Amino acid sequence: MSDHLFALRLFVRVAHKGSFSAAGRDMNVPQPTVSRVIAQLEEKVGALLLTRTTRAVTLTEAGQDFLLRVEQILADLDAAEHAVRGNGELRGVLHIGLSSSFAQRMVVPVLPTFLAKHPALRLEMIMDDTRQNFIADGVDLGFRFGVLSDSAAVARKVGQWQRVVVASPAYLARSPVLRVPADLAAHSVIMGPSHARQAWVFRRGGEVASVRVCGQVATTVNEVATAAAVAGMGLASMSRAACTHELGSGQLVEVLTGWDMGQVELHAIFPAGRAAIPAARAFADFMAVELAKAHSPVKP
């Protein structure tokens, strides 16, 4: 990689991380080298691109414009190199933003297949169980469940699963009978990230039932909600894909099966303001196919 091309890629990482040291860790470069390379880049272009303070590194107005142009150039360069190789081989680093539960249950099990096809590609998973800022985190491809709020991003639906209510056999054995949604009033509910609202809505035919639920445990991590349900702490609502193993092993049992709680959608997100790199498009395609085979969501 040429010195100038390296400087451009380093500048992009600094811009997204807001830190010389964080960008250096990402690209395995010492912090003093990052500072020196960025200073040389600014001297070369004849403009101050970044404002340095003791608390953060932020883009100047010139830096914001430069970032948009550079990201497009780098994306076009990656695409051109990918096309010229002609063998579908992917290289470089793909930064993926996703939740820890999705990573553990759906990505990691199929990852060896993808990486075996692209040995020159390095994948970095940036995990956050809250609402990630994909642009600020420098993510090339994000995966997000539920309704999308960022209309500026380019999104593609790659999965859709039924929402279910589950509990452990031990919890159900010691709890009041649960036949209709109204019976939930007598039950303890684990408020997980998949369905944290206090009112759960069910439909059956033309009938709609809305029930206020409560419990002693709330979490922002799906794995914790699943583990709490397995431990017998109450009922939990989540996508069927999020508890497939536990349902199959009998650790959890689905209840209120005649009632519909709607669907949980999964979208692949290509952050706004930049072109999707070939590796991001390829991995989104790959996951859509793998999810369809393993969990039967929507067709890719």
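Keep in mind that what you see is a predicted model, and the values were worked out from it rather than measured.
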Which atom names give the shortest non-hydrogen contact between [X] and [Y], and what distance separates them?
| X | Y | result |
| --- | --- | --- |
| Ala280 | Leu141 | O-CD2, 3.5 Å |
| Val108 | Pro112 | O-CD, 3.3 Å |
| Trp200 | Ala236 | CH2-C, 4.2 Å |
| Leu184 | Leu178 | N-CD1, 3.9 Å |
| Val221 | Ser100 | CG1-OG, 4.0 Å |
| Val211 | Ala182 | CG2-N, 4.0 Å |

Heavy-atom side-chain contact between [X] and [Y] under 4.5 Å:
| X | Y | answer |
| --- | --- | --- |
| His16 | His95 | no |
| Ser168 | Val230 | no |
| Leu172 | Pro169 | no |
| Val164 | Cys243 | yes |
| His267 | Val158 | no |
| Val29 | Phe6 | yes |
| Val37 | Phe11 | no |
| Val213 | Met191 | yes |

Which residues satisfy the side chain to side chain contact (heavy atoms under 4.5 Å, CB included) test with [X], sequence neighbours excluded?
| X | answer |
| --- | --- |
| Ala185 | none |
| Arg212 | Gln198 |
| Ala39 | none |

N/O donor-acceptor pair under 3.5 Å between [X] side chain and [Y] backbone:
| X | Y | result |
| --- | --- | --- |
| Glu42 | Leu50 | yes |
| Ser188 | Gly215 | no |
| Asp183 | Val180 | yes |
| Asp140 | Leu94 | no |

When Ile96 is tested against each of Ile126, Val139, Leu123 for side-chain contact (heavy atoms from CB on, under 4.5 Å), which residue passes?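 Answer after filtering Ile126, Val139, Leu123: Leu123.
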
Working to the nearest 0.5 angstrom, can you tell me the gap between [X] [atom1] and [Y] [atom2]?
| X | Y | atom1 | atom2 | value |
| --- | --- | --- | --- | --- |
| Leu90 | Leu115 | CG | CG | 10.0 Å |
| Ile190 | Thr226 | CD1 | OG1 | 8.5 Å |
| Ile38 | Arg13 | CD1 | CZ | 12.0 Å |
| Phe102 | Arg144 | CZ | CZ | 13.0 Å |
| Thr113 | His118 | OG1 | NE2 | 11.0 Å |
| Met238 | Glu223 | CE | CD | 8.5 Å |

Is the ring pair Phe283/Phe114 parallel, tilted or perpendicular, if the boundaries are 30 and 60 degrees?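 Aromatic pair Phe283/Phe114 classed perpendicular.
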
With under 30° as parallel and over 60° as perpendicular, where do the rings of Trp161 and Phe145 fit, or are they tilted in between?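 Judged by the thresholds at 30° and 60°, the geometry between Trp161 and Phe145 is tilted.
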
Is [Y] reachable from [X] through a run of hydrophobic residues whose side-chain heavy atoms are each under 4.5 Å from the next?
| X | Y | value |
| --- | --- | --- |
| Leu59 | Val14 | yes |
| Val224 | Met233 | no |
| Leu74 | Val34 | yes |
| Leu67 | Val45 | yes |
| Met106 | Val110 | yes |

In this structure, are over 12 heavy atoms from other groups packed under 6.0 Å from Arg52 atom CZ?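 Buried by this count: over 12 neighbours within 6.0 Å.
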
In terms of heavy-atom contacts, does CZ of Arg69 have more than 12 from other residues, nucleotides or ligands at under 6.0 Å?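 Atom CZ in Arg69 is not packed in, count stays at 12 or less.
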
Sequence neighbours left out, cut at 3.5 Å: what donor-acceptor pairs do the side chains of residues 254-261 make with other protein atoms?
{"from": "Glu254", "atom 1": "OE1", "to": "Arg240", "atom 2": "NH1", "distance (Å)": "2.8"}
{"from": "Asp260", "atom 1": "OD1", "to": "Gln162", "atom 2": "NE2", "distance (Å)": "2.5"}
{"from": "Asp260", "atom 1": "OD1", "to": "Gly262", "atom 2": "N", "distance (Å)": "2.8"}

Going by atom types only, do Ser99 and Ser101 share a side-chain donor-acceptor pair under 3.5 Å?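 Per modelled atom types, Ser99 and Ser101 side chains form no pair under 3.5 Å.
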
Aromatic ring centroids of His187 and Tyr171 under 6.0 Å?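 So the answer is yes for these two rings.
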
Go through the steps to decide whether Val208 and Val201 satisfy the test side-chain contact (heavy atoms from CB on, under 4.5 Å), and finish with yes or no. CA-CA 7 Å; Val208 178; Val201 179; 3.9 Å; yes

side-chain contact (heavy atoms from CB on, under 4.5 Å) between Ile277 and Arg281, intermediate numbers included: CA-CA 7 Å; Ile277 63 175; Arg281 294 194 299 269; over 6 Å; no

Go through the steps to decide whether Glu207 and Phe202 satisfy the test side-chain contact (heavy atoms from CB on, under 4.5 Å), and finish with yes or no. CA-CA 8 Å; Glu207 186 179 359; Phe202 299 82; over 6 Å; no

Candidate pair Leu291 and Leu266, rule side-chain contact (heavy atoms from CB on, under 4.5 Å), full reasoning: CA-CA 10 Å; Leu291 292 172; Leu266 172 66; 3.6 Å; yes

Can you list everything that forms a side-chain hydrogen bond (donor to acceptor under 3.5 Å, both in side chains) with Gln31? Sequence neighbours excluded, please.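 If we apply the side-chain hydrogen bond (donor to acceptor under 3.5 Å, both in side chains) test to Gln31, skipping adjacent residues, the hits are Ser35.
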
Residues that Arg179 engages under salt bridge (charged side-chain N to carboxylate O under 4.0 Å, His left out), provided they are two or more places apart: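 By the salt bridge (charged side-chain N to carboxylate O under 4.0 Å, His left out) rule, Arg179 matches no residue at all.
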
Salt bridge flag under 4.0 Å for residues Arg105 and Glu290: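 Not counted as a salt bridge, because no side-chain N and carboxylate O are separated by less than 4.0 Å.
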
